[in-house]
Protein chains: 2
Amino acid sequence: MTILDVAERLAQTRGYNGFSYADIAAHLGVTKASLHYHFPSKADLGCALIERYQAGFSAALEVINSQSAKPMRKLHQYVGLYDSVLRNDRMCLCGMLAAEYETLPAPMQDRLKVFFDINERWLTALLQDGRRSRSFSFKESAKGRARLLLAAFEGAMLVARSYGDSSRFQSAATQLLKNLIGG
Amino acid sequence: MTILDVAERLAQTRGYNGFSYADIAAHLGVTKASLHYHFPSKADLGCALIERYQAGFSAALEVINSQSAKPMRKLHQYVGLYDSVLRNDRMCLCGMLAAEYETLPAPMQDRLKVFFDINERWLTALLQDGRRSRSFSFKESAKGRARLLLAAFEGAMLVARSYGDSSRFQSAATQLLKNLIGG
DNA sequence: GTCTATAGGTGGATAGAC
DNA sequence: GTCTATCCACCTATAGAC
């Protein structure tokens with residue numbers, strides 16, 4: 001378990017303002033001071049968290065893209081990324097940080113939007129592909145649809161977590177894919 | 001400006017863990033100690049915040065119900081409640097608190113779910129009415145649809161706020177109403 | 001790299017005068 | 001009801017020994 005592993009879990013369950021160096025130190029059995037050697041300030045740690053999360057997410061998106069699957073199957077796999085986070089009793093890191101946006105250091109705010117932008121671009125491309133191949137059917141702009149899906153997934157995670165009921169997320173995602181994109 | 005007014009704004013913009021008695025006191029020009037006279041603990045204040053927010057929301061829902069408008073018009077008015085919050089540069093109080101759920105005192109957690117439950121019930125009833133009168137058309141359960149709408153609205157607010165762009169919310173809401181409920 | 005020790009600040013909360 | 005004064009716990013962060 002690395003510092004980032006522990007910090008990530010804490011940030012995804014309690015939020016950036018909901019954990020401290022002391023929490024991480026306690027979980028790892030080290031002192032707070034040693035953490036500052038690796039991440040001088042909490043803002044540094046926060047930026048590293050988003051960057052690593054982003055990198056992991058991007059890698060997962062590439063894996064999905066590398067398969068020659070139908071667009072709808074790729075979309076289901078995308079939903080699976082969120083679902084696995086939720087089943088791990090966590091909220092999407094960036095959805096969590098979005099709530100705390102106004103309290104975040106500026107460098108974290110910037111990286112947060114990059115995460116959403118990358119997801120939006122990936123989803124937009126998938127939706128365009130799917131519509132071209134007549135796998136998807138929708139009238140609005142692909143970008144608008146992508147934004148809607150992303151926001152709806154984040155919101156569904158947010159509410160599902162309050163109820164400790166991941167089926168709420170799955171129900172929402174299923175409806176979205178069936179009624180909003182539907183072939 | 002009352003204590004609750006100031007605290008509400010802070011909670012909606014910075015989150016429950018993102019403001020302190022000192023912040024409220026500074027905005028009101030009083031001391032922290034005097035705040036504790038009205039709300040002994042921060043949990044008391046938090047509960048009062050949710051209860052007042054809930055009461056205001058319920059009152060707004062009754063106003064909508066009291067009109068003899070078409071179901072779709074009522075739904076648009078419901079969306080307008082969220083939109084006005086966002087235009088005020090705020091996030092829905094309960095969407096905000098949902099992110100911080102795990103760090104909240106138990107009494108706040110309970111009240112938070114009550115808020116969502118009440119919204120879900122109101123939306124479910126409206127969707128059922130609309131379907132009965134053939135104003136709405138959807139195949140899934142009204143309850144499932146209600147949950148989806150609520151979660152999607154919260155998520156759309158969440159993301160829109162990070163971009164400081166309320167049109168992102170409006171675009172999402174418009175798509176949801178047109179494609180998910182559509183007549 | 002990790003430790004001890006500590007600084008300087010802020011958190012929520014209380015006692016008691018007015 | 002609001003104030004001053006204060007408490008103690010916790011926060012982020014640094015200095016310097018090992």
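Predicted model only: the values in this text are computed from it and were never measured. In what follows, chains are A, B, ... by sequence order, proteins preceding strands, each numbered from 1.
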If you take all heavy atoms of B/Ala43 and B/Pro105, which pair is closest and at what distance?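 The pair with the smallest heavy-atom distance is CB-CG, 3.8 Å.
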
If you take any heavy atom closer than 4.0 Å to DNA chain D, which residues from residues 35-50 of chain A end up in contact?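 Per residue number, the list reads A/His36, A/Pro40, A/Ser41, A/Lys42.
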
In residues 17-25 of chain A, what residues come within less than 4.0 Å of DNA chain D, judged by heavy atoms?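 Of all residues in residues 17-25 of chain A, the ones placing a heavy atom under 4.0 Å from DNA chain D are A/Phe19, A/Ser20, A/Tyr21, A/Ala22.
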
Taking only Lys NZ, Arg NE, NH1 and NH2, and the carboxylate oxygens of Asp or Glu, determine whether B/Asp5 and B/Arg52 approach each other closer than 4.0 Å.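 Salt bridge: yes.
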
Between B/Glu102 and A/Arg14, is there a salt bridge with N-O shorter than 4.0 Å? no

Using a 4.0 Å heavy-atom cut-off, write out nucleotides 4-9 of chain C from 5' to 3' as B (base contacted by protein), S (sugar-phosphate only) or - (no contact). B-----

Please list all pairs passing the salt bridge (charged side-chain N to carboxylate O under 4.0 Å, His left out) test where one or both residues lie in residues 79-88 of chain B, with sequence neighbours left out.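 Salt bridge (charged side-chain N to carboxylate O under 4.0 Å, His left out) check on residues 79-88 of chain B returns B/Asp83-B/Arg87.
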
Does NZ or CZ of A/Arg161 fall inside the cone over B/Tyr101's six-membered ring, less than 6.0 Å from its centre and within 45° of the axis? no

Does NZ or CZ of B/Lys42 lie under 6.0 Å from the centre of the six-membered ring of B/Phe19, at an angle within 45° of the ring axis? yes

Salt bridge (charged side-chain N to carboxylate O under 4.0 Å, His left out) against B/Arg168, all qualifying residues, sequence neighbours excluded: A/Glu120

Under the side-chain hydrogen bond (donor to acceptor under 3.5 Å, both in side chains) test, which residues partner B/Thr124, sequence neighbours left out?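 B/Thr124: no side-chain hydrogen bond (donor to acceptor under 3.5 Å, both in side chains) contacts found.
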
Taking NE2 in B/His36 as the centre, count heavy atoms belonging to other residues, nucleotides or ligands within less than 6.0 Å. Is the count above 12? yes

